[in-house]
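Note that these values count all heavy atoms, side chains included, but never hydrogens, waters or copies made by symmetry. Chain letters run A, B, ... following the sequence lines, proteins first and then strands; every chain starts at 1.
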2 protein chains.
Amino acid sequence: MRNDSGHGAADALATIPEIADLPDEIRAELKTICRIRRFAQGQLVTEVGDTNEMVGYVIDGILRMQKTLPDGRQHVVGLLVAGDMFGRVYDGPSPFAIEAAADSEVCVFQRARFEALLARFPELDRLVLLHFLTELDRARDWMVVLATPKVRGRLAGFLLMLCTRYRNVGHLFGDADGRLTIRIPIGRPDLAHLLGARPESVSRAFHALADDGILEILRPDLVAIRSIEDLAEEAGEPELGDGLTVETLAQAAGGAGR
Amino acid sequence: MRNDSGHGAADALATIPEIADLPDEIRAELKTICRIRRFAQGQLVTEVGDTNEMVGYVIDGILRMQKTLPDGRQHVVGLLVAGDMFGRVYDGPSPFAIEAAADSEVCVFQRARFEALLARFPELDRLVLLHFLTELDRARDWMVVLATPKVRGRLAGFLLMLCTRYRNVGHLFGDADGRLTIRIPIGRPDLAHLLGARPESVSRAFHALADDGILEILRPDLVAIRSIEDLAEEAGEPELGDGLTVETLAQAAGGAGR
DNA sequence: CAACGGCATTGATCTCGCTCAAGGTGGCGA
DNA sequence: TCGCCACCTTGAGCGAGATCAATGCCGTTG
């Protein structure tokens with residue numbers, strides 16, 4: 001549970017494709033003001049009214065953004081994975097807290113310094129804008145999923161979303177006997193809250209999908225998908241986009257069942 | 001239903017406070033490349049795979065962003081009001097369509113030209129970034145609202161959201177006998193779809209809230225709020241933020257019952 | 001090692017909201 | 001002007017999901 005700088009910041013930042021593509025000059029500047037921090041599962045990265053304003057990139061692991069409700073429960077409003085950015089450039093403190101959903105590694109910048117870099121390098125600025133646009137699209141997809149009337153459909157939409165918008169995350173996908181496996185990064189209570197349901201209903205929905213042969217429950221937090229098409233059917237999703245199949249994702253996972 | 005340039009673009013853009021605050025030089029440049037368009041209620045502003053890529057600002061009226069489902073129904077994923085920006089700078093075509101929810105006036109820019117301006121003027125760039133951050137926060141608030149288990153709570157959350165995130169929109173608020181009135185910018189079928197429910201359930205939820213004295217239904221699309229605190233209670237919202245009361249909003253509306 | 005607490009699951013019951021159906025209203029075009 | 005159609009509303013019945021409750025499991029703590 002060490003919480004301080006691990007290995008050098010240089011290679012960590014270069015893990016993110018978009019950043020690796022930046023000119024050397026910008027990368028060098030970023031390196032000088034960034035600080036690598038590790039967070040163990042359950043640790044808070046940012047609190048709600050955090051005055052210690054920072055922005056950052058996720059290097060590895062999974063974070064979740066959440067709103068704290070008056071009854072003390074946490075409401076998840078999004079997941080952050082490797083390559084995602086968080087923080088509010090040019091604006092006030094974030095209304096959401098960020099917590100590590102798994103052991104994670106992030107690269108944080110002091111906000112003012114990062115903003116100074118944005119002003120100097122249009123390429124970086126453009127990158128940040130694109131990241132927020134991506135997040136916005138994700139959030140809107142979440143909305144479509146959440147507005148599905150039945151819990152079964154919402155759960156299917158959630159799983160489908162992991163396969164599409166979060167597909168580049170090695171941690172989530174695996175390959176068991178040629179079937180695609182997905183690790184579910186949050187527990188039943190939080191998932192239930194995210195989907196607007198109760199833990200019992202989520203559990204029943206999982207097993208209902210399993211009974212219909214859509215998926216297989218290997219562990220509470222690990223399921224195997226039989227067919228993405230069936231999943232999309234359940235979710236009522238219009239199109240799958242590109243060539244997205246169980247095989248594609250399983251191959252990308254590279255056989256590490258984890 | 002005229003669909004072409006109405007009055008001069010100059011004063012139209014200056015309607016938006018953030019833009020009015022920009023240096024004269026930038027405003028002048030914006031003016032030269034912008035084009036005012038009016039859309040009648042129900043008209044499409046942008047289609048899904050629109051190749052005619054544009055970005056724009058809403059001058060007046062209300063637009064809704066929606067995803068078209070395979071069954072032909074439209075799924076609303078957000079509302080755009082005066083001062084909001086739409087379009088995807090630096091990125092591919094939007095996965096969502098935009099339609100006028102009321103007679104509206106927008107200011108559109110050809111994307112490439114607008115991007116050129118972004119590159120030249122950091123202030124404008126910063127403004128755009130802030131707009132997207134606002135949209136992102138809105139989308140996340142939508143998520144919290146949508147994840148409320150009961151329709152009553154989701155409807156209360158929706159109304160509360162109109163009072164908070166969309167508060168600066170003159171069209172929506174009015175003052176009837178000292179009570180705050182809210183105009184609901186979309187019809188029951190769309191509202192139902194947005195809230196993940198059926199029109200009948202939404203109607204019942206409205207009247208259930210009315211029976212409990214939380215609000216009063218003046219017209220199907222016009223309700224009077226008795227107490228914002230009660231509304232927040234119903235929605236299960238943590239905090240109201242700042243000094244947000246029925247009186248504050250009614251005063252801001254300026255007594256135009258409309 | 002034992003006790004505890006949180007999580008996942010399953011069952012039973014009851015409420016809520018979906019479904020189908022009908023009637024009332026307003027706007028729009030013939 | 002009349003007729004049409006979309007919308008809003010209300011009613012009745014049924015299914016899905018919330019609720020309450022109990023069990024087994026695991027990781028942690030004393």
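B:Arg154 places a side-chain N or O within 3.5 Å of a backbone atom of B:Gly196 that can act as its donor or acceptor partner. The backbone N or O of A:Leu231 lies less than 3.5 Å from no partner atom in the side chain of A:Glu234, so there is not a single donor-acceptor pair. At distances below 3.5 Å, at least one donor-acceptor pair connects side-chain atoms of B:Asp103 with backbone N or O atoms of B:Gln41. Side-chain atoms of B:Thr164 come within 3.5 Å of backbone atoms of B:Leu160 as a donor-acceptor pair (strictly under, hydrogens ignored). Formation of a donor-acceptor pair under 3.5 Å by the A:Thr181 side chain with backbone atoms of A:Val223 is not found in this model.
Among the atoms of the strands shown, only primed sugar atoms or phosphate atoms (P, OP1, OP2) are found under 4.0 Å from some heavy atom of B:Gly196.
With sequence neighbours excluded, the residues forming a side chain to side chain donor-acceptor pair (under 3.5 Å) with A:Glu216 are A:Arg179, A:Arg226, listed by chain and number. Every residue two or more places apart in sequence or in another chain that forms a side-chain contact (heavy atoms from CB on, under 4.5 Å) with B:Ser227 is listed here: B:Glu229, B:Asp230.
A heavy atom closer than 4.0 Å to some atom of DNA chain D occurs in B:Ser203, B:Arg204, B:His207, these being the qualifying members of residues 202-215 of chain B.
As a whole-Å value, the separation of B:Glu200 CD from D:dA12 P is 15 Å. Taking atom CZ on B:Arg152 and atom C1' on D:dA18, their separation rounds to 16 Å, with Å as the unit. If you measure from atom CG of B:Asp190 to atom C1' of D:dA6, you get 12 Å, rounded to the nearest angstrom. In this structure, B:Ile184 atom CD1 and D:dC7 atom P are separated by 16 Å, rounded to whole Å. The distance between atom CZ of B:Arg198 and atom P of D:dT9, rounded to the nearest whole Å, is 17 Å.
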Inset, instruction - For the pair A:Asp84 and A:Arg138, evaluate salt bridge (Lys or Arg N to Asp or Glu O under 4.0 Å) and give the outcome as yes or no after the intermediate values. - result: CA-CA 12 Å; A:Asp84 283 341; A:Arg138 267 193 195 154; 2.7 Å; yes
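Boundaries of the chain A contact region on DNA chain C are C:dA8 to C:dA12, first to last in 5' to 3' order (nucleotide atom under 4.0 Å from a heavy atom).
Taking a cutoff of 4.0 Å between a charged side-chain nitrogen and a carboxylate oxygen, B:Glu135 and B:Arg165 do not qualify as a salt bridge. Using a cutoff of 4.0 Å between basic side-chain nitrogens and carboxylate oxygens, B:Arg38 and B:Asp60 are not scored as salt-bridged.
Comparing A:Gly187 and B:Pro149 against DNA chain C, the residue whose closest nucleotide sits nearer the 5' end is A:Gly187.
An angle of 40°, rounded to 10°, separates the two end axes of the helix from C:dC1-D:dG30 to C:dA30-D:dT1, each defined over five pairs.
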May I have the list of side-chain donor-acceptor pairs in residues 202-209 of chain B shorter than 3.5 Å, sequence neighbours left out?
none

